[in-house]
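A short write-up of the structure that comes next.
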Amino acid sequence: MWQPNKLEEERLEKVRRLEERGVATYPARVERTHTTAAAVAAFESLEEHNADAASALRVTVCGRIRRVNLKGKVSFMHIEDGTGRVQLFLRINELGEATYSLVKEGLIDMDDFVQASGTMMRTRAGEVSVLVDELKLLSKSLSPLPVIKQAVQDDGSVVEFGEFSDPESRYRQRYADLAVNRDVREVFIKRAQIIRAIRHFFDSEGFLEVETPILQPLYGGASARPFVTHHNQLHQDLYLRISFELYLKRLLVGGYDAVYEIGRDFRNEGVSWKHNPEFTMAEFYKAYIDYNDVMDITERLLLCVAEEVLGGTTFTYQGDEIDLKAPWPRITVREAIKAETGIDYMAHPDAESLEAAIGESGESVAPGQTWGKLIEHLLGKFVEPKLIQPTFIIDYPRDISPFAKAVEYDDVHVERFEFYIAGMEMGNAFTELNDPRDQEARFIEMAQWYRTGDDDETPLDEDYLRAMRFGMPPNGGWGMGVDRLVMLLTDRRSIRDVLLFPHLREQK
RNA sequence: GGCCGUGUGGCGCAAUGGUAGCGCAGCUGACUUUUAAUCAGUUGGUUGUAGGUUCGAAUCCUACCACGGUCACCA
């Protein structure tokens, strides 16, 4: 139940006074002719050739009032719409006493949406403005937004005074954050550009965009705990997908050579600066290629997105200068771990001896992990944070990679890579396993290894095996965390800063 | 989940055991080209919640809540 505070009470009182005077506070009709940006641009282009025509330019603009400067019988406001801002020059002469008094008495004030009609002009200080002769309230704001004042420096940079920075308030009330912090709005514009660029890339490479089930009778394709839900009429438990993998590969059986999907995955796990329970994933699968080709595609994709969104291949992330220029180094897991820890896990071919070797180096790990899990731990702890420039880490242990094809003449490694940028795992890919007998054996192996752990069980998907038995072309598959790419390209340190409504604990 | 930190008017901050203050916003007034407008005056707080210690608590203690960081977890 809303308990208006003092400021809100004052605004409610203003609404009452406006309605007393017969002013509509939430009218339905708007008559906009120009966005703020279009009005300014139109004036400036006319002004170059013909000053008279420019000052005869009549516009009706709409937007939210972001600055008010009352000066007696003349006042200034800035209104902001989705395209930018424009100044309103309000003078009692043009506006008339009745309307001007609404402004003067503060009945129309900060944060309200208004419509202003008038002719374009330039003030003595040189700012392009609308000389307003009609002003209409479009929507009254009852709760004032946090106040941020801006000063434009001589060099054109904008300095802000006052801020709305409390992370909790910003995330819980993202609408206020967006309304007040332009740079936040820009992050999400860039996010949309990034996703569009990813689509462009795959479309232009001949991939088919598809949509596969989010509600699944069986989850799989990754090692993660799922969310469970229930279909009432069918009396059936369903899982929110943790990956797209198994459905997309079924489509290769169906005869598409190359498919991709961009969508939401759900993982019932801890939240952190790089984990949100729901996040956006891009995956693709392409027939007749292997993981070497997938690495080439990865390089091309990221370069293409960076070119389209940033206009270049280098950018700064949290102080690090990052260059996406290909080729990126391709280093095996074994070499990478050896270089950072001195441990050659091939000299410790089982979990017990590897755990002992890690223990000798002064590290402690949770007991009872599989050999592959230990290697993964070493990778995450010692290698990942060092991988600032884009890097492929290749050839993973088999027991943590149930959907990847074995490296030839090597029974412990599979053709899998992850790519890292700025110390963050960005994505994961393999030469996909397409032998149904091997796949079935892997499912069973996984079940044995992880039954004790019970958490990240990989359920055996009979229908997936049935699909594979019809014949699946050799193919390369790939997945990337889109939110993390957005973090990189917008220089944000937390995934919450690139999600409009990040998950927060319920407020009691 | 463990540990550390933070929580004070709408927003941003101060006050380390002794009368809760400041800036912005708000409100009243002045000002017909301002732009962080300016000038004069002024309202607003049970200090996250609940207990405790103390003559006295924003400050110290305990628990809880939320957020942030970190570790664990997380292909």
Side-chain angles (χ1 to χ4, degrees), chain A residues 4-11 13-14 66-78 85 87-95 100 104-106 109-111 121-127 129 131 143-153 158-172 176 180 221-225 242-243 245 267-275 277 333 364-366 372-373 375-377 379-381 384 393 396-397 399-404 414 416-418 425 427-430 446 453 455-456 458 479 493-494 496 504-508:
Chain A
N5 63 34
K6 179 131 194 293
L7 299 180
E8 291 169 329
E9 293 284 10
E10 279 166 1
R11 294 240 172 149
E13 172 61 17
K14 288 177 180 185
R66 295 309 310 280
R67 172 179 169 261
V68 176
N69 179 11
L70 302 180
K71 279 185 53 67
K73 295 191 172 57
V74 60
S75 297
F76 299 88
M77 287 179 176
H78 277 117
R85 291 186 179 201
Q87 179 167 264
L88 305 183
F89 184 25
L90 306 161
R91 210 158 53 162
I92 195 164
N93 312 30
E94 282 78 20
L95 211 47
Y100 191 79
K104 188 70 202 302
E105 291 171 39
D109 57 357
M110 274 294 242
D111 308 324
M121 60 166 297
R122 207 176 264 280
T123 60
R124 203 170 289 162
E127 181 163 351
S129 308
L131 178 60
S143 302
L145 288 166
V147 179
I148 293 179
K149 294 191 175 188
Q150 297 181 328
V152 181
Q153 305 294 94
V158 175
V159 185
E160 292 191 335
F161 300 86
E163 55 181 344
F164 180 50
S165 56
D166 175 54
E168 185 175 354
S169 309
R170 285 184 46 230
Y171 297 146
R172 286 197 198 280
V180 151
S223 164
R225 270 179 287 175
I242 58 171
S243 86
E245 167 133 7
R267 296 188 183 176
N268 204 340
E269 284 161 1
V271 296
S272 78
W273 63 279
K274 51 181 177 176
H275 296 91
V333 172
S364 66
V365 288
K373 284 268 186 189
I375 290 168
E376 199 167 59
H377 174 82
L379 194 63
K381 176 124 193 208
E384 178 169 345
I393 298 294
Y396 279 66
D399 77 69
I400 50 169
S401 313
F403 302 106
V414 293
R416 166 181 174 186
F417 72 82
E418 292 187 338
E425 180 197 335
N428 185 19
F430 349 110
M446 294 301 287
D455 276 351
D456 30 7
T458 299
R493 200 178 37 204
S494 167
R496 294 188 179 108
L504 293 180
R505 206 177 294 259
E506 186 184 13
Q507 211 171 19
K508 292 183 188 129

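Every chain is numbered from 1, with letters handed out A, B, ... down the list of sequences. What you see is a predicted model, and the numbers here were worked out from it, not measured in a lab.
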State, to 0.1 Å, how close [X] and [Y] come at their nearest heavy-atom pair, and which atoms those are.
| X | Y | result |
| --- | --- | --- |
| A:Thr123 | A:Ser129 | CG2-OG, 3.3 Å |
| A:Phe430 | A:Arg416 | CD2-CG, 3.5 Å |
| A:Asp399 | A:Gly372 | OD2-N, 2.9 Å |
| A:Pro144 | A:Asp111 | CA-OD2, 3.3 Å |
| A:Met77 | A:Val68 | CG-CG2, 4.3 Å |
| A:Ala224 | A:Arg267 | CB-CD, 3.5 Å |

Pairwise side-chain contact, A:Tyr396 with A:Ile375, heavy-atom cut-off 4.5 Å (strictly under): no

Euclidean distance for [atom1], [N] against [M] (whole angstrom):
| N | M | atom1 | value |
| --- | --- | --- | --- |
| B:rU43 | B:rC27 | C1' | 7 Å |
| B:rA20 | B:rA58 | P | 8 Å |
| B:rC61 | B:rU16 | C1' | 15 Å |
| B:rC22 | B:rA40 | P | 15 Å |
| B:rU59 | B:rG17 | P | 12 Å |
| B:rC13 | B:rG2 | P | 28 Å |
| B:rU28 | B:rC65 | P | 44 Å |
| B:rU62 | B:rU54 | C1' | 16 Å |

What does [X] touch in the nucleic acid at a heavy-atom separation under 4.0 angstrom: a base, only the sugar-phosphate, or nothing?
| X | result |
| --- | --- |
| A:Arg496 | sugar-phosphate |
| A:Phe403 | base |
| A:Pro402 | base |
| A:Gly221 | base |

A:Glu163/A:Val180 under side chain to side chain contact (heavy atoms under 4.5 Å, CB included): CA gap, chis, key distance, verdict: CA-CA 9 Å; A:Glu163 55 181 344; A:Val180 151; over 6 Å; no

Whether A:Ser169 side chain and A:Ser165 backbone form a donor-acceptor pair below 3.5 Å: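 Absent.
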
Nearest-neighbour nucleotide for the A:Glu168 side chain, B:rC27, B:rU70, B:rC67 considered: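 Among B:rC27, B:rU70, B:rC67, the one nearest the side chain of A:Glu168 is B:rC67.
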
Out of B:rA72, B:rC67, B:rC27, whichever nucleotide has its closest atom nearest the side chain of A:Asp109: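 Nearest listed nucleotide: B:rC27.
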
Pairwise 5' ranking along RNA chain B for A:Ser272 and A:Glu10, keeping only the more 5' one: A:Glu10

Over how many whole Å does the gap from [X] atom [atom1] to [N] atom [atom2] extend?
| X | N | atom1 | atom2 | answer |
| --- | --- | --- | --- | --- |
| A:Arg225 | B:rC73 | CZ | P | 12 Å |
| A:Glu418 | B:rC74 | CD | C1' | 12 Å |
| A:Met110 | B:rA36 | CE | P | 14 Å |
| A:Tyr171 | B:rG69 | OH | P | 7 Å |
| A:Arg493 | B:rG69 | CZ | C1' | 10 Å |
| A:Asn428 | B:rC74 | CG | P | 15 Å |
| A:Glu105 | B:rC27 | CD | C1' | 14 Å |
| A:Lys274 | B:rC71 | NZ | P | 10 Å |

For A:Lys14, all residues meeting side chain to side chain donor-acceptor pair (under 3.5 Å), sequence neighbours excluded: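 Per chain and number, A:Lys14 pairs via side chain to side chain donor-acceptor pair (under 3.5 Å) with A:Asp109.
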
Contacts of type side chain to side chain donor-acceptor pair (under 3.5 Å), residue A:Asn93, not counting sequence neighbours: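 For A:Asn93 there are no side chain to side chain donor-acceptor pair (under 3.5 Å) partners, ignoring immediate neighbours.
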
A:His78 and A:Gln150 side chains, donor-acceptor separation under 3.5 Å: no

B:rA37 phosphate, OP1 or OP2, under 4.0 Å from A:Lys149 side-chain N/O: yes

Short side-chain N/O contact to B:rA66 OP1/OP2 from A:Arg172, under 4.0 Å: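 Answer no for this pair, as no side-chain N or O of A:Arg172 is under 4.0 Å from OP1 or OP2.
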
Restricting both atoms to N or O, compile the protein contacts to nucleotides 30-34 of chain B shorter than 3.5 Å, with distance only.
| unit_1 | atom_1 | unit_2 | atom_2 | d |
| --- | --- | --- | --- | --- |
| B:rC31 | N4 | A:Gly72 | N | 3.3 |
| B:rU32 | OP2 | A:Lys73 | N | 3.3 |
| B:rU32 | N3 | A:Asn93 | OD1 | 2.8 |
| B:rU32 | O4 | A:Asn93 | OD1 | 3.1 |
| B:rU33 | O2 | A:Arg124 | N | 2.4 |
| B:rU34 | O2' | A:Asn69 | ND2 | 2.1 |
| B:rU34 | O2 | A:Arg67 | NH2 | 3.2 |
| B:rU34 | N3 | A:Gln87 | OE1 | 2.9 |
| B:rU34 | N3 | A:Gln87 | NE2 | 3.2 |
| B:rU34 | O4 | A:Gln87 | NE2 | 2.5 |
| B:rU34 | O4 | A:Thr123 | OG1 | 2.8 |

Qualifying residues under salt bridge (charged side-chain N to carboxylate O under 4.0 Å, His left out), relative to A:Glu10, sequence neighbours excluded: A:Lys6

Watson-Crick and G-U pairing of RNA chain B, under 3.5 Å, as dot-bracket with | and [ ]: (((((((..((((....[..)))).(((((.......))))).....(((((..]....))))))))))))....

Protein N or O to nucleotides 1-11 of chain B N or O, pairs below 3.5 Å:
| unit_1 | atom_1 | unit_2 | atom_2 | d |
| --- | --- | --- | --- | --- |
| B:rC11 | O2' | A:Glu163 | O | 2.3 |

Salt bridge flag under 4.0 Å for residues A:Lys274 and A:Glu384: yes

